[in-house]
Protein chains: 2
Amino acid sequence: MGEGADKITFPVIAERAGVNPTTLYRRWDNVNALLEEVAVAALTRDGESAPDTGSLEQDLTEWADIIARDITRPERVRYLRAMVAARAETVSNCPVTETRRDQASEMVRRARERGETAPTASQILDHVIAPLYYHVVFALQVDPEYARRLVRDVLAMVR
Amino acid sequence: MGEGADKITFPVIAERAGVNPTTLYRRWDNVNALLEEVAVAALTRDGESAPDTGSLEQDLTEWADIIARDITRPERVRYLRAMVAARAETVSNCPVTETRRDQASEMVRRARERGETAPTASQILDHVIAPLYYHVVFALQVDPEYARRLVRDVLAMVR
DNA sequence: TAGTTAAAGCAAAGAAGATTGCTTTATGGT
DNA sequence: ACCATAAAGCAATCTTCTTTGCTTTAACTA
């Protein structure tokens, strides 16, 4: 490797954390395991609960905006890239996306209770979350307006 | 690193290619540069032109199905992961997504000439391509039925 | 055919990460 | 206060990737 951009290794992490590399080697099997643990802890913090504004469009817009602002932070982008790179064929499900699915389900459930027609949680993941990640990963623009557009799109599907 | 799953390095590639590692070190600055070049060459081969069946839904369905089958191949998944990991903040645009955008634009153009109402090329990328990549990356199911569902969704937006 | 230049192979040296045994420090219980 | 256990640090070693000088092969030209 040459470019000093990333290069995530135990020695590098240990130095930044002010601990001995051996400590890391002993606690995690490899860097990916560490990253995954950290990323999951960071990305699924309980502060992120689904909004409840009384309207699905409003809920989704706020939710998408929070996520958009979160995943565009440089550390998050790094985590995201690392997790994508780390994830082997064997890996089945990701706690982060599970959390997002739960939140989406919750918003959908409330909307339907109010009598609103709503897309499925899967549709929300596919058409709001996925495009957001896609834009982050391929360095395309991600801003509140884009998040709002995605929400409008997914709602237009069921109208 | 421990797991023998991936671990893409010059020596490994060189051995599989039957050439000397030095040759690779001399031609490319680092593994990511090589991967990007190979991935772009592989993923944008001219064979992949947009279908032209006379119906946008049919075009998109075939197109999405081709892409779905392509990006779920193990080598493609590896490329995808490697490219995501490689892509630094500095990187602006990806030739692969450019090609996809061109193909989407072409299908949309033809559909509109026929008088069909059609989503934008951006919408197609966001709601068909992005979810496909998302599913591949997070090891979720990707099959023809899923591709077809995405196409139905994106078309439902503009009806 | 001989000569020149570029690319590929070879081999040795250098650098960085990964692994392991042992020592030291810290924490909790008696 | 003492002991026991576990975690963290240290240091030496091993492995692997990376780099570089030199040789060899190949291709193209005079």
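The shown structure was predicted, so the numbers you read here are calculated from the model rather than taken from an experiment. Numbered from 1 within each chain, the chains take letters A, B, ... in sequence-line order.
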Inset, instruction - Please check if A:Leu35 and A:Val38 belong to a single hydrophobic cluster, counting links between Ile, Leu, Val, Met, Phe, Trp and Tyr side chain heavy atoms closer than 4.5 Å. - result: yes

Legend entry - Cluster overlap A:Leu140 with B:Val137, hydrophobic side-chain contacts below 4.5 Å: yes

Protein-nucleotides 5-8 of chain C N/O pairs under 3.5 Å:
| residue | atom | partner | partner atom | Å |
| --- | --- | --- | --- | --- |
| C:dA8 | OP1 | B:Arg27 | NH2 | 3.2 |
| C:dA8 | OP2 | B:Arg27 | NH2 | 2.4 |

Legend entry - Heavy-atom closest pair, residues A:Pro131 and B:Ala130: CA-CB, 3.7 Å

Inset, instruction - Round to a whole Å and report the spacing from CG of B:Leu34 to C1' of D:dT18. - result: 15 Å

Inset, instruction - Output yes when A:Arg152 and A:Glu145 qualify as a salt bridge under the 4.0 Å nitrogen-oxygen rule, no when they do not. - result: yes

Inset, instruction - Grab the CH2-P distance between A:Trp28 and C:dA18 for me, whole Å please. - result: 14 Å

Between protein and nucleic acid, restricted to nucleotides 12-14 of chain C and to nitrogen or oxygen atoms under 3.5 Å apart, what atom pairs and distances do you find?
none

Inset, instruction - Mind calculating the distance between CG (A:Leu24) and C1' (D:dG9) to the nearest angstrom? - result: 12 Å

Inset, instruction - Compute whether any side-chain donor of one residue and acceptor of the other, for A:Ser122 and A:Arg101, lie under 3.5 angstrom apart. - result: yes

Inset, instruction - Any ring pair (Phe, Tyr, Trp, His ring centres under 6.0 Å) involving residues 140-159 of chain B? Give me the pairs, sequence neighbours left out, ordered by first then second residue. - result: B:His135-B:Tyr146

Inset, instruction - Only pairs at least two apart or in different chains count here, so list each ring pair (Phe, Tyr, Trp, His ring centres under 6.0 Å) that has a residue in residues 13-39 of chain B. - result: B:Phe10-B:Tyr25

Legend entry - N/O donor-acceptor pair under 3.5 Å between A:Arg148 side chain and A:Thr61 backbone: no

Inset, instruction - For the side chain of A:Thr22, starting at C-beta, report the closest nucleotide among D:dT20, D:dC17, C:dT20. - result: C:dT20

Legend entry - Of all pairs that satisfy salt bridge (Lys or Arg N to Asp or Glu O under 4.0 Å), the ones with a partner from residues 115-136 of chain A, not counting sequence neighbours: A:Arg114-A:Glu116, A:Asp126-B:Arg149

Inset, instruction - Round to the nearest Å and state the distance from A:Tyr25 atom OH to D:dC10 atom C1'. - result: 15 Å

Inset, instruction - Could you check how far CD1 of B:Ile13 sits from C1' of D:dC17, rounded to whole Å? - result: 12 Å

Inset, instruction - Send over the distance from A:Glu15 CD to D:dG9 P, rounded to a whole Å. - result: 13 Å

Contacts under 3.5 Å, N or O only, protein and nucleotides 23-25 of chain C:
none

Legend entry - Length of the line joining B:Asn30:CG and C:dA15:P, which is rounded to integer Å: 20 Å

Inset, instruction - Taking all non-hydrogen atoms of both residues into account, name the closest pair between A:Ile71 and A:Val77 and its distance. - result: O-CG2, 3.3 Å

Inset, instruction - Return the minimal non-hydrogen interatomic distance between A:Ala111 and A:Ala118, and the atom names on each side. - result: CB-CB, 4.2 Å

